[in-house]
Structure formats: structure tokens, C-alpha cells
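Accompanying notes for the structure given below.
Keep in mind that this is a model prediction, so the values were computed, not measured. Every heavy atom of this structure was used, including side-chain atoms; hydrogens, water molecules and symmetry mates were not. Atoms within each ligand, like the ligands themselves, are counted from 1 in listed order.
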Amino acid sequence: RPLWRDVPQGADDPILGLNQAFVADASPDKVSLVVGAYRDAHGKPVVLRAVRAAEERIVAAALPKEYTPIAGMAEFVRAAIALMLGDNSSALTEGRIAAVQTLSGTGACRVAADLLARFPSPDAEPAAAKLIYVPEPTWSNHWAIFHDAGLTVRGYRYWDGDSLGLDEDGLLEDLRAAPRGATLLLHACAHNPTGVDPTSAQWARIADVVEERALRVLFDSAYQGFASGDPERDAAAVRLFVERGHPIMLAQSFAKNFGLYGERVGALSVVTASVAEASTVLSQLKLVIRPMYSSPPLHGARIVAQVLGDPALKQLWLEDCAGMAARIAQMRSALRTELESLQPGRSWAHMSSQIGMFCFSGLRPEEVDALREQYHLYLTRDGRISMASVNPGNVRHVAQAITEVMA
Ligand SMILES: Cc1ncc(COP(=O)(O)O)c(CN[C@@](C)(CC(=O)O)C(=O)O)c1O
């Protein structure tokens, strides 16, 4: 009996769906510039040295595989917070942070969304109760995550297509117009998809407006250490808000900076005003998680806890993290050089001034389609290029293809 006959065909995911088309492409010249996953200079995925070493220790310890608590592995969660806020963060030492391990960054954003939907800010105007502002553009999955949790999602100006940089005036104007107590999503570093981050002076002005409008902030940190190569530097924006006393929420992904994509390692932290608030918020986070997926996976959390808890392994990780960031920076300048030599008079400065995994190239959708159809180059239709997929072996081919579709 066709009991599912009324189910409509769902749209392919703009990122992951495109990757399936790439896999199906038989051309030997195909290159995927789609998913933000690191590749080495030979186009191969990498398991970091510190991760391998930690795994050897974990396997040798022959640990049991009991359920983790609903809130996850406490040692991992604490290490995750300390990586972002610093070991001597007062919020951490005073016990004012409610934090849980999550199914990577996506899971952290979704648990945050459910908490926000259940507990609007007490200072919120009625219009702000379930309202979250996300940057225009943002990671495509953000819209669905917050919508599915029952929040109303609204864009705020972020990308300036003319200057190929931050639309600071538009951003501040939109935030000033936000109803009091609404939630604001901010990318901690390496904004996806634009690669454009506010300067420290611009972050300070954003923090001013957040205070004026009593906005609640959810930082989404998916690239700490991977952006600049220095986790301390990549934590600057989050630390600015915490030092100003903002009760921020922080979603952390360890997919990219630890290369643990498929292990699904993440955390969600809520900085509160007191131990009592942290305790009630944690109890509510557990009520969100238990019916959603009960408890998070063991292995990846053990790896991150082992690495961050051992100075020698942490140093190894820092070197590899810096190495990934450096290779991406090299490819940014290599591709820029190739493009500017093929297109005299046209500047590709934004390719090397942007930071993190992606270059927001400015390529139009029809040019992206031509790259895919004629040159077997795959990238998302917003023109985002995953720079980790560029390497000395394909950089000229990529530059030539881009030049030809722009002609
Ligand atoms: C800003 C941002 N937040 C959260 C996540 C979620 O990552 P996680 O759940 O794997 O921890 C991503 C990953 N974005 C990728 C790299 C992959 C993806 O789309 O899932 C991207 O290609 O944009 C991201 O870019």
C-alpha cells in the first residue's frame, strides 16, 4: 500500500548535494571546490599527527565504550571552552558556563536553536522572542537549522558586493533596527562563505550595538586555529564579547581544525551570570538533548581531550593547524597570481585578503554553471571556492577555466 505517495521530492543540499554530482562525474579533469574539507598539496584528506598519536593511546588504554552522559564528556567540554576562552577565563573558573558536547558544529547550532526557541530573552520585546539574525550571506545550513527549531530567521547586511568586503554601515544599521532582545548569529572567525571578518575595531562597534539593543549572541566557531593558524588569534572576537560581560552562546566545531569531520565532535557553551543560572540552563540543555539523540559519541571527544590535555600533542596539533592555514594562504596567492596574469587589469586581491577555508570569488551563477558543465570544476552557485581543494597540480587549470568562463 503506497502510504508514502504524497511525499514530494526534496531539493538537493546546495553544498552536499553538489558533491554527489561531482562524485558521479566521470571526467578525469574534475575538481571539487565545494565542501570545506581540507586537502593536502596532492588533493588528499589528512589525519593530523596529533590525532593519530592520541588514537594510539586511546586504543592502547582499552577503555570501555559505555554511554557518555547526556552532556557528553566533561573533560572534552572543558578543554573546548578553555581553547576558546583561555584557561583562566573568569566565566570558566567561576563555574558560570553551561556547556554540553554536541554532534559537531551543526549539532551545537541546533541545540542552541532549541534552547533559544524555548527560552526567549527576558528583556526581549514580543517581536524578538523567537527571532534570530544571520549574516547575508551565511553558511547555507544555518537557515534550515534555526527554522526547523521554530525560530524566525532574518538576514542582516554583511557582504558588500562592490568593495568585496564587509558592509559595516549596513550591518550596524540592521542591528540597531533589531527588536530588543533578539538573537544575533556571528561567525567567530573565517566567515563562511565570504572569508571576510570584521577588524577588531569593527568588532568593538558591533559589541556596542549588541549592548545597546540587549541582543543575545550566538557565536558559531567552526574554524578556530584553521583561519589564521593561531587558535588564540582566532578567539579574539569571542574573547572581546566575554570580557565585556556578554552572556554569549558559543557553538564549536572540531571538524576542520582537528580534521575530525566524520567523528562529529562539537560543543555548545552558554556563558551565564551565575552558577545558579548555569545550573538551570544546563538542566534545560539536557532536556533538549535527551529526546533528540540521548548522548554524543565517545571517540572524537576522547581524541580532542587527549590532544588538548597533553602539551606535546597540543604542540603537534598547533604545528599541523598552522600548516593547514599556511597551505591555504599559499594557494590563495598562487591562484591570485595565475588569475591576474591571465586577466591583466582585473584585481583578484580579495582572493588573498579573505581568510579561512573559502574564497568568495564574485563568480556569477551562470559562470559557476559553465565551470561545472564545460570544465568539470564544481563550486557552489554563490561563487564560493573551497581553497583547500586548490593545489600546485590544478591551480593553473582552475585559473584558466575561471578566465575562460568570465571572457
Ligand atoms: C560556519 C559553519 N558552522 C558550522 C558548520 C558545521 O560543521 P560540522 O557540523 O561538520 O561541525 C560548518 C561546516 N560547513 C562546511 C565545511 C561543511 C558543511 O556544509 O557541512 C561547508 O562546506 O560549508 C560551517 O562552515
Side-chain angles (χ1 to χ4, degrees), residues 11-22 32-39 45-46 72 76 80 83-84 100-113 132 134-146 148-149 153 158-159 184-197 217-227 234 237-238 249-269 292-293 296-297 300-301 303-304 324-325 328 354-360 378-390:
D12 283 343
D13 182 84
I15 296 171
L16 302 180
L18 195 53
N19 218 37
Q20 293 312 321
F22 167 75
S32 172
L33 304 169
V34 180
V35 179
Y38 184 76
R39 301 293 178 250
V46 173
F76 157 74
L83 183 69
M84 181 60 80
V100 292
Q101 178 187 337
T102 59
L103 303 187
S104 218
T106 303
C109 289
R110 178 57 194 262
V111 169
I132 185 165
V134 302
E136 287 279 19
T138 192
W139 176 45
S140 54
N141 205 26
H142 276 147
W143 285 82
I145 290 170
F146 299 122
D148 284 1
V153 191
Y158 188 87
W159 167 256
L184 171 65
L185 177 81
L186 294 168
H187 294 228
C189 69
H191 180 268
N192 174 5
T194 67
V196 170
D197 286 350
V217 169
L218 168 59
F219 267 107
D220 184 2
S221 173
Y223 300 96
Q224 185 187 6
F226 189 93
D234 292 345
V238 173
M249 301 173 90
L250 169 67
Q252 287 175 281
S253 164
F254 290 85
K256 280 67 81 173
N257 55 6
F258 270 76
L260 292 172
Y261 305 90
E263 298 287 359
R264 313 308 293 140
V265 192
L268 172 69
S269 302
M292 192 187 283
Y293 55 82
I303 293 172
V304 173
M324 292 191 285
I328 286 188
Q354 292 169 1
I355 186 168
M357 187 75 85
F358 306 107
C359 164
F360 212 46
Y378 289 72
L379 60 153
T380 41
R381 295 195 86 232
D382 58 4
R384 180 188 91 165
I385 296 173
S386 180
M387 292 306 299
S389 298
V390 179

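- Residue F254 does not touch ligand 1, judged by heavy-atom distances below 4.0 Å.
- Between T194 and P137, some side-chain heavy-atom pair lies under the 4.5 Å cut-off.
- Residue N192 has at least one nitrogen or oxygen atom sitting less than 3.5 Å from a nitrogen or oxygen atom of ligand 1, judged on distance alone.
- Near Y223, meaning under 4.0 Å from any of its heavy atoms, are these atoms of ligand 1: 14 (N), 16 (C), 24 (C), 25 (O).
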Donor-acceptor pairs under 3.5 Å, side chain of residues 259-269 to any protein atom, not counting sequence neighbours: which ones?
{"unit_1": "Y261", "atom_1": "OH", "unit_2": "Y38", "atom_2": "N", "d": "2.7"}
{"unit_1": "R264", "atom_1": "NH1", "unit_2": "S104", "atom_2": "OG", "d": "3.3"}
{"unit_1": "R264", "atom_1": "NH1", "unit_2": "Y261", "atom_2": "O", "d": "3.1"}

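- With ligand atoms numbered from 1 in the order given, ligand 1 contributes 19 (O), 22 (O), 23 (O) to contacts under 4.0 Å with heavy atoms of I15.
- Residue G105 has at least one N or O atom closer than 3.5 Å to an N or O atom of ligand 1.
- Those atoms of ligand 1 that come under 4.0 Å of a heavy atom in A222, given as number and element, are 2 (C), 3 (N), 24 (C).
- Closest approach of P135 and L185 over heavy atoms only: CD-O, 3.7 Å.
- Every residue two or more places apart in sequence or in another chain that forms a ring pair (Phe, Tyr, Trp, His ring centres under 6.0 Å) with F76 is listed here: F254.
- When only interatomic distances are considered, the shortest N/O to N/O separation between G36 and ligand 1 falls below 3.5 Å.
- Annotation: atom 8 (P) of ligand 1 to nearest protein heavy atom, S104 OG, 3.4 Å.
- Counting heavy atoms under 4.0 Å from ligand 1, residue M357 does not touch it at all.
- With ligand atoms numbered from 1 in the order given, ligand 1 contributes 8 (P), 11 (O) to contacts under 4.0 Å with heavy atoms of S253.
- Closest heavy-atom contact between Y293 and V111: OH-CG2, 4.2 Å.
- Using a 30° and 60° split on the angle between ring planes, H142 and W139 fall in the perpendicular class, above 60°.
- At a 4.0 Å cut-off, at least one heavy atom of R384 sits close enough to ligand 1 to count as contact.
- With respect to atom 3 (N) of ligand 1, the closest heavy atom belonging to the protein is D220 OD2, 2.7 Å.
- Taking atom 13 (C) of ligand 1 as the reference point, the nearest protein heavy-atom neighbour is K256 NZ, 2.9 Å.
- The protein heavy atom nearest to atom 9 (O) of ligand 1 is T106 OG1, 2.6 Å.
- Of the candidates R264, E263, H187, H191, the one placing a heavy atom closest to atom 10 (O) of ligand 1 is R264.
- When each of N192, T138, D220 is paired with H187, the side chain to side chain donor-acceptor pair (under 3.5 Å) condition holds for T138 and for no other.
- Assignment of W139 to the shell around ligand 1 is supported, since a heavy atom sits closer than 4.0 Å.
- Each of the atoms 21 (C), 22 (O), 23 (O) of ligand 1 lies under 4.0 Å from some heavy atom of F358.
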